[in-house]
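The chain is numbered in sequence order, starting from 1. On a predicted model such as this, the values are computed, not experimentally measured, just so you know. When a ligand or atom number is given, it counts from 1 through the structure's own listing order.
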Amino acid sequence: MFFYNTLFRKKEKFEPFNPSKVGLYSCGPTVYDYAHIGHARTYVFVDVLKRVLEYSGYKVDHVMNITDVGHLTSEADTGDDKVEKKAKIEGKTAWDIAKYYTKDFFDMTGKLNILKPQVICKATDYIPQMIKIIKQLEEKGLTYVISDGVYFDTSKLKNYGKLARLKIEDLKEGARVGKNKEKRNPTDFALWKFTYLSGRSFDSAQDDGDERRQMEWQSPWGVGFPGWHIECSAMSMEHLGETIDIHTGGIDHIPIHHTNEIAQSEGATGKLFVKYWLHAGHLLVEGKKMSKSLGNYYRLKDVVDKGYDPLSLRYLFLTAHYRTEMNFTWKALEGAQKAFSKLKVQLATGNLQLTNKKEKRVDSKLDSQVEEYSKRFRNYLNDDLDMPRAIALVWEVVKSDIPDSDKYKLIVDWDRVFGLGLAGQEIRNKELVISQEVKGLVKEREKLREEKKWEEADKIRKEIEEKGYLVEDKQEKSIIKKKPRYDL
Ligand SMILES: [Zn+2]
C-alpha cells in the first residue's frame with residue numbers, strides 16, 4: 001500500500017509501526033460556525049482512508065479533535081478567539097456555541113456516512129496535558145515569554161518548517177505572519193496566550209476594568225488559554241503515543257498548523273511526531289474559492305434543500321482524487337446523483353438482484369474474471385486511494401458479463417470502502433426483516449400502551465431502540481423502522 005506523504009512529496013510504501021494496528025489522527029473542526037461542503041470533502045477523504053485501512057485488514061485507532069478554544073481569527077496569533085467572538089455575536093456562552101456547532105458537524109458527517117472516530121476529544125478537556133508539554137519545551141529552552149503570552153522560539157529547532165519546506169530566511173514579517181514587535185522570529189508562535197497582558201492575575205485585571213474571557217485557565221505563566229496548535233500535539237500524544245502513523249488535514253494546514261504541531265511535538269519529545277502526513281486538496285465552488293461574500297458558501301443543508309441525497313455528494317467526492325483541487329458545480333452534483341441513483345436501482349431492482357435461482361458456472365474463466373476485478377480494486381486502493389478509478393471499475397463490473405450475483409457481491413464488498421450504503425439495497429423495497437425477539441418486544445409494548453402503562457412501555461421502546469429499531473406510534477398500530485446509523 002502506497003500513500004503520498006506530504007513530508008517527502010512522494011508516494012511511500014505504508015509500513016505502520018505496529019504491523020496490524022494503525023494510529024490515525026485527524027485535525028477536526030473549529031466549532032464556531034456551520035460546517036460547509038469543503039469540510040465535507042476533507043472528512044469524506046479521512047473516512048475513505050480509514051475504511052481502506054480496515055478493508056486491508058488493519059485495526060485503526062482513529063482520534064479526532066474538536067477545537068473549541070484558542071483558534072484565533074488571525075493565523076498570526078492575533079485577533080479574537082473564533083468561538084468567543086461568535087458567542088458575543090449570538091449572545092450565548094462560548095460553551096453553548098461550541099456544543100451547537102459540534103452537533104452541526106456530526107449531523108453533517110452522519111448524513112455523509114462518515115464513521116465516527118473511536119476518540120473524539122475537545123481541546124478544553126486537555127488543558128493540563130497542554131501545559132505539561134509547554135513546560136517540557138520551557139525546560140529545553142525552546143520558549144520565551146512576552147507581554148501577550150508564551151511563545152515557541154522556532155530558531156532553536158533544527159528543521160523547523162520541514163513539512164512545508166519553508167525558506168525561513170525568505171519570510172518577511174507581515175507576509176506569512178502578522179506583526180508582533182516582541183516576537184524574536186517571524187515564525188514564532190503562541191503556546192499560551194494571556195487573557196490580560198503579562199499574565200496578570202484575574203483580580204488585578206478586573207480592577208483595571210479589563211474584560212474577562214469565558215474560557216480561561218490558570219497556568220504557571222498566568223491566566224489564559226492555549227494557542228491553537230498545542231492541542232493537537234497534546235491530544236495525539238495522549239491517545240496515540242509520541243509517534244503516530246498517519247496524521248490528516250486539509251492542505252491549508254501545512255504551512256502553519258501542522259508545521260507548528262511538528263515543532264512542539266518533536267521539540268518536546270525529541271522523537272519523530274508523524275510518519276505519514278496526508279492532506280486533502282481544496283474544494284472550489286463553481287471555479288472560485290468558497291466564501292460567504294461570493295454567495296457560493298454551501299452547507300450540506302443547502303445540498304439537501306435543493307433535492308440532493310447527501311450520499312450523492314459523497315459519490316461526487318469519490319470521483320475526484322483526494323489530493324486534487326476539486327471544482328464543485330451543481331451540474332456535476334446532478335450528474336453524480338443520476339449515476340448514484342442508477343447504481344442503486346441496478347442493485348435493488350435491476351440486473352444485480354440476488355436471486356435464489358442457481359446460476360450455472362459456464363467455466364473457470366468467469367472465476368478468474370471476478371478475481372481479476374477484486375485484484376484491480378485492491379490495486380487502486382493501494383495506489384494512494386485512487387477512488388476515481390475504483391468507481392469507474394464499479395461501472396465496468398456492472399456492464400460486464402459476469403453473473404449478476406458476482407456483480408452484486410463484488411460491489412457490496414467494495415462498498416465497505418465507498419460507504420455509499422449500497423449493501424441492503426436489495427431489501428429496501430421489500431419488507432423489513434425483524435427478529436422474533438424484537439417482534440415480541442413490540443407486542444409487549446403495545447399491550448402496555450393499551451393498559452396505559454406509559455412508563456413501562458417507554459422502557460421497552462428504549463430496549464427496541466438499543467437493538468437498532470425505531471418505533472413510531474400511528475393511532476392503534478406501532479410501526480417499526482430500522483434505526484439510522486447515526487443519532488442525528
Ligand atoms: Zn490539528
Colleague: Is the charged tip of Lys301 near the ring of Tyr34: under 6.0 Å from the six-membered ring centre and within 45° of its axis?
Modeller: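 No.
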Colleague: Whether Lys116 engages the ring of Phe106 as a cation-pi pair (distance to the six-membered ring centre under 6.0 angstrom, angle to the ring normal within 45°) should be assessed.
Modeller: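 Verdict for Phe106: a cation-pi partner in Lys116.
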Colleague: List for me each residue that meets side-chain hydrogen bond (donor to acceptor under 3.5 Å, both in side chains) alongside Thr124, sequence neighbours excluded, and say none if there are none.
Modeller: Asp68
Colleague: What atom name does the N, O or S atom of Glu261 nearest to the Zn ion (ligand 1) carry?
Modeller: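 When I compare the N, O and S atoms of Glu261, OE2 is nearest to the Zn ion (ligand 1).
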Colleague: Ring pair (Phe, Tyr, Trp, His ring centres under 6.0 Å): which pairs involve residues 59-96, sequence neighbours left out?
Modeller: His71-Trp228
Colleague: For the Zn ion (ligand 1), does an N/O/S atom of His253 lie at less than 2.8 Å?
Modeller: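 Coordinating: no.
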Colleague: Please work out the angle at the Zn ion (ligand 1) defined by atom NE2 of His257 on one side and atom SG of Cys27 on the other, rounded to 10°.
Modeller: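 Taking the Zn ion (ligand 1) as the apex, the two atoms subtend 120°.
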